[in-house]
A.B. asks: 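Sharing a structure, written as structure tokens. Questions coming.
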Amino acid sequence: MPEPQPNNPLHGLTLATILEHLVDRYGWEELAERIPINCFRTNPSIKSSLTFLRKTDWARQRVEGLYLKSLR
């Protein structure tokens, strides 16, 4: 049985949910300004962004950090 993670605000959230929240809040253009990666600048889509973010740890950490800031 997995241990509960009461101090982890990202626990139980999928990367897709996080990305959809950020796109709804900021839009692709502002998201690309805040996190300058090509998948947000050129033909942005949830699918292409998820593919990139799952393979690139530093970019995923930036997206998760921005998500946490947006909740404050």
Side-chain angles (χ1 to χ4, degrees):
M1 184 173 259
E3 294 180 32
Q5 297 184 6
N7 295 327
N8 184 355
L10 298 176
H11 181 70
L13 290 175
T14 64
L15 186 56
T17 302
I18 292 170
L19 188 56
E20 288 168 359
H21 168 83
L22 292 174
V23 170
D24 288 343
R25 181 173 178 118
Y26 300 113
W28 289 111
E29 194 172 305
E30 187 175 344
L31 195 55
E33 288 177 18
R34 291 175 178 263
I35 305 171
I37 52 179
N38 275 342
C39 65
F40 293 165
R41 291 181 181 193
T42 308
N43 283 338
S45 73
I46 296 289
K47 184 178 178 182
S48 66
S49 298
L50 287 174
T51 301
F52 177 76
L53 293 171
R54 287 182 179 131
K55 294 178 182 178
T56 314
D57 287 336
W58 65 266
R60 182 180 180 139
Q61 290 172 356
R62 300 261 322 258
V63 166
E64 290 172 346
L66 182 59
Y67 175 76
L68 293 173
K69 284 182 184 178
S70 75
L71 296 178
R72 295 183 193 157

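Note that this is a predicted model, so its numbers are computed, not measured.
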A.B. asks: What's the separation between atom CG in Leu66 and atom CD1 in Ile18, rounded to the nearest 0.5 Å?
C.D. replies: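 Atom-to-atom, Leu66:CG and Ile18:CD1 are 10.5 Å apart.
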A.B. asks: Between Val23 and Ile46, what is the shortest heavy-atom contact and its length?
C.D. replies: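 The answer is CG2-CD1, 4.2 Å.
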A.B. asks: Considering all heavy atoms of both residues, which atom of Ser49 and which atom of Cys39 are nearest to each other, and what is their separation?
C.D. replies: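 Result for this residue pair: OG-O, 3.5 Å.
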A.B. asks: By the salt bridge (charged side-chain N to carboxylate O under 4.0 Å, His left out) test, which pairs, at least two apart or in different chains, include something from residues 59-72?
C.D. replies: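 Every salt bridge (charged side-chain N to carboxylate O under 4.0 Å, His left out) pair that includes a residue of residues 59-72, provided the two are not neighbours, is Arg60-Glu64.
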A.B. asks: Which residue pairs pass the side chain to side chain donor-acceptor pair (under 3.5 Å) test when at least one of the two sits in residues 17-32, sequence neighbours left out?
C.D. replies: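 Sorted pair list: Thr14-Thr17, His21-Ser70, Glu30-Arg34.
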A.B. asks: Do Leu31 and Val63 have side chains that approach each other closer than 4.5 Å (heavy atoms only, starting at C-beta)?
C.D. replies: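 The answer is no; the side chains never approach within 4.5 Å.
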A.B. asks: Which pair of non-hydrogen atoms, one from Leu13 and one from Tyr67, has the smallest distance, and what is that distance?
C.D. replies: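 Heavy atoms only, the tightest pair is CD1-OH, 3.4 Å.
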A.B. asks: Return the set of residues passing side-chain contact (heavy atoms from CB on, under 4.5 Å) with Ala59 (not counting sequence neighbours), or none when no residue passes.
C.D. replies: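 Ala59 satisfies side-chain contact (heavy atoms from CB on, under 4.5 Å) with Ile37, Phe52, Leu53, Thr56 only.
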A.B. asks: Name all pairs fulfilling the salt bridge (charged side-chain N to carboxylate O under 4.0 Å, His left out) condition that reach into residues 45-58, sequence neighbours left out, sorted by first residue then second.
C.D. replies: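 Not a single pair qualifies under salt bridge (charged side-chain N to carboxylate O under 4.0 Å, His left out).
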